[in-house]
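These notes concern the structure reproduced below.
Computation of the quantities below employed the complete heavy-atom set of this structure, encompassing side-chain atoms and omitting hydrogens, waters and symmetry-equivalent molecules. If you're wondering where the values come from, they're calculated on a predicted model, not measured in any experiment.
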Amino acid sequence: MTQKEQRERLGRNDLDLEDALIDEAANTVTEGAKRLNRKWPELIVTGLFGGIDVGLGILAMVLVKQTTGSEILAGLAFGIGLLALKLAHSELFTEEFLLPINAVIAGQANWIQVFRLWLTTLVTNLVGGAVFAWLIVIALPDYHKTVADMALSYINQSSLIVMLSLSLLAGATITLSTRMQQGTSNDVVKAIVCMITGLLVIGASMLHGAINAIVIFAAMMAGADISILDFLQWFGIVIPFNMLGGLLIITLPRIVRTRRVLWAVRKGSISLEELEEQTS
């Protein structure tokens, strides 16, 4: 039996690939194309609610951190915000790497749409998060010190290499979490993934530009010794390395894995509709 015949035995499709790879390509391209082709109002509102949903997780995290003093438990509580993102179908900046890029490579969108999605999602995440941070500061004055301590721990890193590594890890973790949830329709599994992701990102003190920024905004509003320049310098380092973590560590290997399927759709060898039929 030839290698090709062996591969064909593993799947039900005619692309000479395992079914799992076909499923992954079809799901990511379809979802990525939907996100990239949203109109401006939907794109803006989705990003705003992404910041608000994450703000809910920040609120839970702060409450648990002050009550227990545990970063681990605070991370698990933060998972509520990530779960809210999924159930409300809103968007977080570093979710937007694997799915849209697969759609572009498959010829279902273009790079201008990708940059539009990235920039709009990042800005609206920050705006929505800042509004929620303001509410936290006004409503919970007894928690100001906890918020300030957490924000300062994000800003004040022991070294640049530690800061870069924590930023890479955060980008990779959130992007991988998105891919894992894309691979299941089970809400219980999605909830577990969200809690584990929160545990890793917050419990390990990873640096995520859109998430940590909400805590930093709240701390600044509460009077913490953090200037706008401090924030901008921190943000200017963290965001690019969040992107590198999501793109190089998670997205690139998966593109290589499904490249034949993506290229077949792009060349018209198989349509996206036919691809979806093969996965059904």
Side-chain angles (χ1 to χ4, degrees), residues 50-86 92-95 125-126 129 132-133 135-137 139-178 180-181 190-226 230-231 234-235 237-239 241-242 245-246 249:
I52 292 170
D53 291 340
V54 169
L56 178 66
I58 296 295
L59 175 59
M61 176 185 74
V62 171
L63 294 177
V64 172
K65 180 65 166 64
Q66 176 150 321
T67 303
T68 67
S70 170
E71 295 284 352
I72 302 299
L73 293 177
L76 287 172
F78 174 74
I80 294 171
L82 298 178
L83 182 58
L85 279 170
K86 292 299 144 190
L92 181 65
F93 175 63
T94 43
E95 291 186 302
N125 279 174
L126 294 177
F132 205 92
L135 291 174
I136 293 174
V137 171
L140 302 170
D142 293 341
Y143 290 81
H144 286 185
K145 186 178 186 305
T146 300
V147 172
D149 289 345
M150 296 184 76
L152 287 169
S153 72
Y154 298 143
I155 294 287
N156 300 322
Q157 295 296 314
S158 59
S159 68
L160 180 60
I161 189 64
V162 169
M163 186 176 186
L164 299 183
S165 298
L166 290 173
S167 302
L168 287 169
L169 284 172
T173 301
I174 296 293
T175 303
L176 179 57
S177 172
T178 302
M180 292 168 66
Q181 293 176 69
K190 290 182 179 181
I192 292 172
V193 171
C194 288
M195 297 305 168
I196 292 174
T197 303
L199 169 66
L200 293 174
V201 173
I202 302 301
S205 300
M206 295 181 191
L207 300 178
H208 187 283
I211 294 172
N212 298 159
I214 299 174
V215 181
I216 296 172
F217 289 158
M220 293 169 69
M221 294 173 191
D225 187 21
I226 302 173
D230 291 334
F231 169 72
W234 174 88
F235 192 74
I237 294 172
V238 171
I239 284 294
F241 280 85
N242 285 163
I249 299 175

Between F132 and F217, is the ring centre distance below 6.0 Å? no

Once side-chain contact (heavy atoms from CB on, under 4.5 Å) is applied, do any residues pair with [X], and if so which ones, sequence neighbours excluded?
| X | answer |
| --- | --- |
| A191 | L83 |
| S153 | none |
| T67 | none |
| L135 | none |

Tell me which one of T197, I196, I202 satisfies side chain to side chain contact (heavy atoms under 4.5 Å, CB included) with L200. I196

Partner set under side-chain hydrogen bond (donor to acceptor under 3.5 Å, both in side chains) for T146, not counting sequence neighbours: Q66

Sub-4.5 Å side-chain heavy-atom contact between [X] and [Y]:
| X | Y | value |
| --- | --- | --- |
| L63 | L140 | yes |
| I237 | L160 | yes |
| L199 | M195 | no |

Quick one: list whatever passes ring-ring contact (aromatic ring centres under 6.0 Å, His included) with Y154, sequence neighbours left out. none

Taking atom OG1 of T175 and atom CE of M180, what is their separation to the nearest 0.5 Å? 12.5 Å

Would you give the length of the straight line joining atom CG of L85 to atom CG of L92, rounded to the nearest 0.5 angstrom?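 It comes to 5.5 Å.
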
Exercise: identify the closest heavy-atom pair between [X] and [Y]:
| X | Y | answer |
| --- | --- | --- |
| A219 | I226 | CB-CD1, 4.3 Å |
| M221 | A133 | SD-C, 4.1 Å |
| A148 | A224 | CB-CB, 3.9 Å |
| S177 | V193 | OG-CG1, 3.5 Å |

Listed partners of K86 passing salt bridge (Lys or Arg N to Asp or Glu O under 4.0 Å), at least two apart: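 Per chain and number, K86 pairs via salt bridge (Lys or Arg N to Asp or Glu O under 4.0 Å) with E95.
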
Taking only residues two or more places apart in sequence, or in another chain, which ones meet D149 in a salt bridge (Lys or Arg N to Asp or Glu O under 4.0 Å)?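 With sequence neighbours excluded, D149 shows a salt bridge (Lys or Arg N to Asp or Glu O under 4.0 Å) to K145, given in chain and number order.
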
Among residues two or more places apart or on two chains, list those pairs meeting side-chain hydrogen bond (donor to acceptor under 3.5 Å, both in side chains) that have a residue in residues 54-65. none

May I have the list of side-chain donor-acceptor pairs in residues 206-216 shorter than 3.5 Å, sequence neighbours left out?
residue : atom : partner : partner atom : Å
H208    : ND1  : A210    : N            : 3.3
H208    : ND1  : I211    : N            : 3.1
H208    : NE2  : T94     : OG1          : 2.5
N212    : OD1  : H208    : N            : 2.8

List the atom pairs, donor and acceptor, that lie under 3.5 Å between side-chain atoms in residues 51-59 and the rest of the protein, sequence neighbours left out.
residue : atom : partner : partner atom : Å
D53     : OD2  : S90     : OG           : 2.4

Around atom CG of N156, are there more than 12 heavy atoms of other residues, nucleotides or ligands at under 6.0 Å? yes

Using atom types as modelled, flag every donor-acceptor pair under 3.5 Å from a side chain in residues 165-174 to any protein atom, sequence neighbours excluded.
residue : atom : partner : partner atom : Å
S165    : OG   : I161    : O            : 2.9
S167    : OG   : M163    : O            : 2.8
T173    : OG1  : L169    : O            : 2.7

